[in-house]
Amino acid sequence: MLKEIAEDMSHPSPMNRLLQGDVGSGKTIVGAEAAVIALENGYQVSILAPTEILAAQHYLSLKPLLAKVGYVAALLTGSNTAREKAKLKEMLRNGMIRVAIGTHALIEKDVEFENLGLVIIDEQHRFGVMQRFQLVQKGVTPDVLVMTATPIPRTLAMTVYGDLDVSVIDELPPGRMKILTKHYTADQIEIAYSALRREIDAGHQAYVVYPVIEESETQAMKAAQQMFEHLSQDVFPDVPVGLLHGRLGSAEKEAAMEAFKSGRTKILVSTTVIEVGVDVPMPR
């Protein structure tokens, strides 16, 4: 996998490669290794993510790794204050920041790089063609690596992404167990709550997710808030319950994610922002 990427990056023409792999299969570490190749050759790297939660996750995991080899990484999102944004943008322009991780804020016109050489786009289907193009234009023909966990058959990928070479991580993440799906109607909610209780009593954790289907994101957020209050106060008053949605501030999101990752929170009520953003390692 990395060999294909390294060979592409060594060619005079820019790389355009799609990396597909299941959640937890190692796409992020492959992207980090590609970033180090660009950094070691004197270039800056930009990592674009669709949500602040996922961008923060990448930043928190990559910053200490890159710091060990002397590279400065920074997080740029819509939640940064105007003063923070101005400082980060100046550091990007003069090359002090070598890896910029962020959301759509990276695409803003006044974001400039000293020598952008690699663009990594995570969950690339969340971005429009012009958004990806705007980021790529901030460098001089930089290499581009787009990543997705959405299963795309190779033949379809060649049709939809004909300008991209395709790499597939086709191995399941270590320890991945068989997925069992059960469906309960509203009048069977007590059965679902009993299943939740059994998992919590067994030392496990659980997500309660409110998807955005026909209702608006705001309605989904309100539904999650109401369920959080219901579960924490009425159903599981003895169990630590957390809440995560897109309208929380960066510090609140980070605190909610960290509490769940560390095991302090046993049930996390959320909207679909957790689909691409909460990295909770499986217990060994």
Side-chain angles (χ1 to χ4, degrees), residues 21-29 49-54 56-58 60-61 122-123 148-151 169-215 217 219-284:
D22 198 359
V23 174
S25 61
K27 296 187 301 298
T28 300
I29 196 64
T51 68
E52 289 194 10
I53 291 175
L54 183 56
Q57 189 76 58
H58 285 323
L60 292 172
S61 60
D122 200 4
E123 295 299 322
T148 183
T150 304
I169 302 178
D170 55 7
E171 298 177 2
L172 288 176
R176 174 63 56 88
M177 296 179 288
K178 183 179 180 180
I179 296 174
L180 176 63
T181 302
K182 294 184 179 181
H183 174 263
Y184 298 113
T185 55
D187 61 339
Q188 298 174 305
I189 190 65
E190 294 301 327
I191 300 176
Y193 288 159
S194 295
L196 264 177
R197 170 62 74 176
R198 285 196 299 274
E199 292 300 323
I200 300 305
D201 289 346
H204 302 152
Q205 293 171 284
Y207 295 108
V208 177
V209 184
Y210 277 84
V212 180
I213 304 175
E214 294 179 355
E215 69 244 40
E217 182 179 354
Q219 288 174 315
M221 181 194 71
K222 289 180 179 178
Q225 176 72 45
Q226 291 170 355
M227 177 53 75
F228 164 72
E229 295 171 0
H230 176 57
L231 289 179
S232 60
Q233 297 172 15
D234 304 325
V235 184
F236 302 110
D238 58 325
V239 176
V241 181
L243 176 65
L244 181 64
H245 57 70
R247 299 291 177 85
L248 294 176
S250 295
E252 293 173 302
K253 291 175 185 173
E254 188 174 324
M257 288 191 297
E258 184 55 39
F260 194 66
K261 285 181 64 177
S262 67
R264 298 195 306 275
T265 296
K266 299 302 181 182
I267 299 174
L268 184 62
V269 181
S270 177
T271 57
T272 50
V273 293
I274 58 107
E275 178 188 351
V276 286
V278 181
D279 179 17
V280 181
M282 291 182 63
R284 299 300 179 187

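From Ile53, atom CD1 reaches atom OG1 of Thr271 across 7.0 Å, with rounding to the nearest 0.5 Å. Rounded to the nearest 0.5 angstrom, Ile191 CD1 and Thr185 OG1 are separated by 8.0 Å. Here CD1 of Ile267 is found 13.0 Å from OH of Tyr207. Values are rounded to the nearest 0.5 Å. We find the CE-CG distance between Met257 and Leu244 to be 7.0 Å, quoted to the nearest 0.5 Å. The structure places NZ of Lys253 at 10.5 Å from OG of Ser270, a figure rounded to the nearest 0.5 Å. In this structure, CD in Gln57 is found 9.5 Å from OG1 in Thr51, a value given to the nearest 0.5 Å.
Remark: the backbone N or O of Ala223 is not paired with any side-chain donor or acceptor of Gln226 at under 3.5 angstrom.
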Intermediate values then yes/no, side chain to side chain contact (heavy atoms under 4.5 Å, CB included), Val208 and Phe228 | CA-CA 9 Å; Val208 177; Phe228 164 72; over 6 Å; no
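Taking both residues in full, the closest heavy atoms of Ala224 and Leu243 are given as O-CD1, 3.8 Å, listed atom of the first, atom of the second, then distance. Between Thr265 and Gln205 the shortest heavy-atom distance is O-NE2, 2.8 Å. Smallest separation of non-hydrogen atoms from Tyr184 and Ala192: CD1-CB, 4.0 Å.
Every residue was checked against the side-chain hydrogen bond (donor to acceptor under 3.5 Å, both in side chains) condition with Arg198, not counting sequence neighbours, and none meets it. Listed by chain and residue number, nothing satisfies the side-chain hydrogen bond (donor to acceptor under 3.5 Å, both in side chains) test with Glu258 (two or more places apart in sequence, or in another chain). Qualifying side-chain hydrogen bond (donor to acceptor under 3.5 Å, both in side chains) partners for Glu252, counting only residues two or more places apart in sequence or in other chains: none. A search for side-chain hydrogen bond (donor to acceptor under 3.5 Å, both in side chains) contacts involving Glu199 returns His204, not counting sequence neighbours.
Note on residues 177-190: no pairs pass salt bridge (Lys or Arg N to Asp or Glu O under 4.0 Å), not counting sequence neighbours.
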Below 3.5 Å, can you tabulate the donor-acceptor pairs from side chains in residues 233-240 to any protein atom, sequence neighbours excluded?
unit_1	atom_1	unit_2	atom_2	d
Asp234	OD2	His230	ND1	3.1
Asp238	OD1	Arg197	NH2	3.0
Asp238	OD2	Arg197	NH1	3.2

